[in-house]
Amino acid sequence: MTAVTGSDRRTDDRYYTRIASTPALIERAEPTVWGGPEGGMFGAQELEAHERDGFVQVPQLLTAEEVAGYAAELDRLATDPAVRGDERCIVEKSSNEVRSIFEVHRISDAIARLVADERVAGRARQILGSDVYVHQSRINYKPGFGGGGFYWHSDFETWHAEDGMPLPRAVSCSISLTENFAYNGCLMIMPGSHRTFVSCVGETPEDHYRASLKEQEIGTPDPDSLTALADRHGIAMLTGAAGSATFFDSNCMHGSSDNISPYPRSNIFVVFNSVENTSVEPFYAPARRPDFIGARDFTPVPR
């Protein structure tokens with residue numbers, strides 16, 4: 001494993017990945033918070049926490065009534081035959097149960113309204129310091145007794161390599177519709193890991209997205225890099241009540257374990273990218289992923 005700085009990088013792209021025979025740790029050059037507290041819902045302390053840790057939690061973003069309404073919407077979508085037959089619906093490899101539904105803000109009017117809500121999009125604008133568009137949206141289902149996990153990864157590594165996102169100037173919002181316990185596959189993040197980009201080994205195959213949406217292998221960090229980051233930063237398990245939300249930086253090292261508890265976990269997941277950071281051609285993949293995974297419509301979310 002090699003520590004790489006801007007002066008000794010091997011390509012003209014600082015965040016190179018999937019092209020070298022050995023992994024590398026590359027220190028981030030850009031800020032995490034591009035805006036300020038003026039006129040926004042995040043205060044200075046929350047923005048400082050996001051800059052420091054790479055994430056910030058909002059304990060009660062949704063009311064109990066809203067949680068019930070969105071949970072019913074998730075149930076409706078998961079049982080709709082038309083949605084189930086759409087390529088945007090991803091099922092578990094083992095159980096054939098619904099794992100994720102992508103571009104959900106275009107499928108569901110209710111979720112489209114939530115995405116544009118000032119509590120959600122407004123906070124993303126505040127963090128990114130600009131208008132934002134939706135790079136990706138999805139709902140994730142993790143039923144009890146077997147809901148699959150997500151291995152450790154940085155979203156930006158994939159979005160840079162396969163979608164052509166130039167810089168880590170994007171933020172994800174995960175809104176919980178069920179209580180997150182330490183034992184039902186909650187989100188885990190290495191606080192502060194967003195400041196280090198982990199370059200991965202292994203070229204991107206054709207149509208890699210078809211396999212990676214069920215279980216990602218290419219674009220996952222090596223054990224030595226993960227151990228180095230975990231030793232440096234530790235691991236936070238993000239628990240909380242239904243209706244809570246976590247905003248986290250695109251380069252955070254994060255993942256979640258399988259859910260072998262009886263208690264399901266589901267969430268609405270929205271990725272906001274700055275309109276000043278729109279995607280170009282993929283940096284390290286033979287072709288773009290479909291638009292429902294990495295948007296090419298850069299229209300700002302309306303205020």
With a 4.5 Å cut-off on side-chain heavy-atom distances among I, L, V, M, F, W and Y, is there a chain of contacts connecting Ile260 to Phe145? no
Can you hop from Met41 to Val33 via hydrophobic side chains spaced under 4.5 Å?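 No, Met41 and Val33 fall in different hydrophobic clusters.
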From CA spacing to verdict: side-chain contact (heavy atoms from CB on, under 4.5 Å), Leu47, Gln126: CA-CA 9 Å; Leu47 293 177; Gln126 196 177 2; 4.0 Å; yes
Between [atom1] on residue [X] and [atom2] on residue [Y], distance to nearest 0.5 Å:
| X | Y | atom1 | atom2 | result |
| --- | --- | --- | --- | --- |
| Trp159 | Ile293 | CH2 | CD1 | 12.5 Å |
| Leu61 | Ile175 | CG | CD1 | 5.5 Å |
| Asp155 | Phe150 | CG | CZ | 10.0 Å |
| Ile268 | Ile139 | CD1 | CD1 | 7.0 Å |
| Leu167 | His160 | CG | NE2 | 8.0 Å |

I'd like to check [X] versus [Y] (side-chain heavy atoms, cut-off strictly below 4.5 Å). Are they in contact?
| X | Y | value |
| --- | --- | --- |
| Ser172 | Val270 | no |
| Thr220 | Trp152 | no |
| Arg123 | Glu46 | no |
| Ser274 | Ser130 | yes |
| Asp163 | Arg288 | no |
| Thr204 | Pro286 | yes |
| Pro168 | Tyr15 | yes |
| Val134 | Asn273 | no |

Pair listing, ring-ring contact (aromatic ring centres under 6.0 Å, His included) test, anchored in residues 24-47, at least two apart: Phe42-Phe247
I need the minimum non-hydrogen distance between [X] and [Y], along with the two atoms involved.
| X | Y | answer |
| --- | --- | --- |
| Ser261 | Asn184 | OG-CB, 3.3 Å |
| Asp222 | Ser225 | OD1-OG, 2.5 Å |
| Phe197 | Tyr16 | CE2-O, 3.4 Å |
| Ala78 | Val98 | O-CG2, 4.0 Å |
| Ser176 | Asn267 | CA-CB, 4.2 Å |
| Met253 | Ser154 | SD-N, 3.9 Å |

Quick one: does [X]'s side chain have a donor or acceptor within less than 3.5 Å of a partner on [Y]'s backbone?
| X | Y | value |
| --- | --- | --- |
| Asp86 | Cys89 | no |
| Asp258 | Gly148 | no |
| Ser174 | Phe269 | no |
| Ser256 | Cys186 | no |
| His153 | Tyr151 | yes |
| Ser100 | Ile90 | no |
| Thr79 | Asp75 | yes |

Restricting to salt bridge (Lys or Arg N to Asp or Glu O under 4.0 Å), what partner residues turn up for [X], sequence neighbours left out?
| X | answer |
| --- | --- |
| Asp117 | Arg119 |
| Glu103 | Arg88, Arg106 |
| Arg265 | none |

Can you tell me which residue pairs pass the salt bridge (charged side-chain N to carboxylate O under 4.0 Å, His left out) test with a partner in residues 187-200, sequence neighbours excluded? none
Remaining members of Val275's ILVMFWY cluster at a side-chain heavy-atom cut-off under 4.5 Å? Tyr133, Phe298
Other than Phe181, what residues sit in its cluster of Ile, Leu, Val, Met, Phe, Trp and Tyr side chains whose heavy atoms are under 4.5 Å apart, directly or through others?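 Phe181 shares its hydrophobic cluster with Tyr183, Tyr263.
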Between Asp13 and Tyr284, does any side-chain donor sit less than 3.5 Å from a side-chain acceptor?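 There is such a pair (donor and acceptor under 3.5 Å, judged by atom type) between the side chains of Asp13 and Tyr284.
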Pair His135 and Phe272, ring centroids less than 6.0 Å apart: no
Suppose we screen for side-chain contact (heavy atoms from CB on, under 4.5 Å). Which residues come up paired with [X], at least two apart in sequence or across chains?
| X | value |
| --- | --- |
| Asp80 | Arg76, Ala82, Val83 |
| Arg125 | Glu118, Ala121, Asp131, Val132, Val301, Arg303 |
| Thr32 | Arg28, His50, Glu51, His194, Asp249 |

Ring-face cation contact, Phe292 with Arg138, 6.0 Å cut, 45° max: no
Is the shortest side-chain N to carboxylate O distance from [X] to [Y] below 4.0 Å?
| X | Y | value |
| --- | --- | --- |
| Arg169 | Glu30 | no |
| Arg296 | Asp291 | no |
| Arg18 | Glu157 | yes |

Could you please spell out the steps behind the side-chain contact (heavy atoms from CB on, under 4.5 Å) verdict for Phe102 and Gln136? CA-CA 7 Å; Phe102 281 79; Gln136 184 185 104; 3.6 Å; yes
side-chain contact (heavy atoms from CB on, under 4.5 Å) between Ile26 and Val198: does it pass, once the steps are laid out? CA-CA 6 Å; Ile26 303 169; Val198 179; over 6 Å; no
What side-chain donor-acceptor pairs closer than 3.5 Å can you find for residues 229-246, not counting sequence neighbours?
from, atom 1, to, atom 2, distance (Å)
Arg232, NH1, Thr196, OG1, 3.3
His233, ND1, Pro191, O, 3.1
Ser244, OG, Ala241, O, 2.7

Kindly determine whether Ile189 and His254 satisfy side-chain contact (heavy atoms from CB on, under 4.5 Å), including the steps that lead there. CA-CA 4 Å; Ile189 292 180; His254 67 287; 3.7 Å; yes
With a cut-off of 3.5 Å and sequence neighbours excluded, list every side-chain donor-acceptor pair involving residues 107-114.
from, atom 1, to, atom 2, distance (Å)
Ser108, OG, Glu73, OE2, 2.6
Ser108, OG, Ala110, N, 3.4
Ser108, OG, Ile111, N, 3.2

